[in-house]
Amino acid sequence: MSTSPNSKNFRNKGFTLIELLVVIAIIAILAAIALPMFSSYKMKAYNAAAQSDLRNLKAMMEWYYADYLEYP
């Protein structure tokens, strides 16, 4: 039994540099695809929150008008 670094058992215990580079490249490609989509979703959420705030403001203004017969 040989325990030298050149034996077959020692070589099969890790990832090669090429395998690691391929994995890093795949992760980079997925990140490049996901980031623009994330910013789009973020903008849509911001717009939805603003529209909700405007609807709430409208409701409050109408309630104020119902109580005082004038707008603030």
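Closest non-hydrogen pair, Tyr71 versus Glu62, comes out as OH-OE2, 3.2 Å. Nearest approach of Met61 to Pro72, heavy atoms of both residues: SD-CG, 3.8 Å.
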Do any side-chain atoms of residues 27-50 form donor-acceptor pairs under 3.5 angstrom with protein atoms, and if so which ones, sequence neighbours left out?
unit_1 : atom_1 : unit_2 : atom_2 : d
Ser39  : OG     : Pro36  : O      : 2.9

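Taking CG of Asn56 as the reference point, atom CE of Met60 lies at 5.5 Å (rounded to 0.5 Å).
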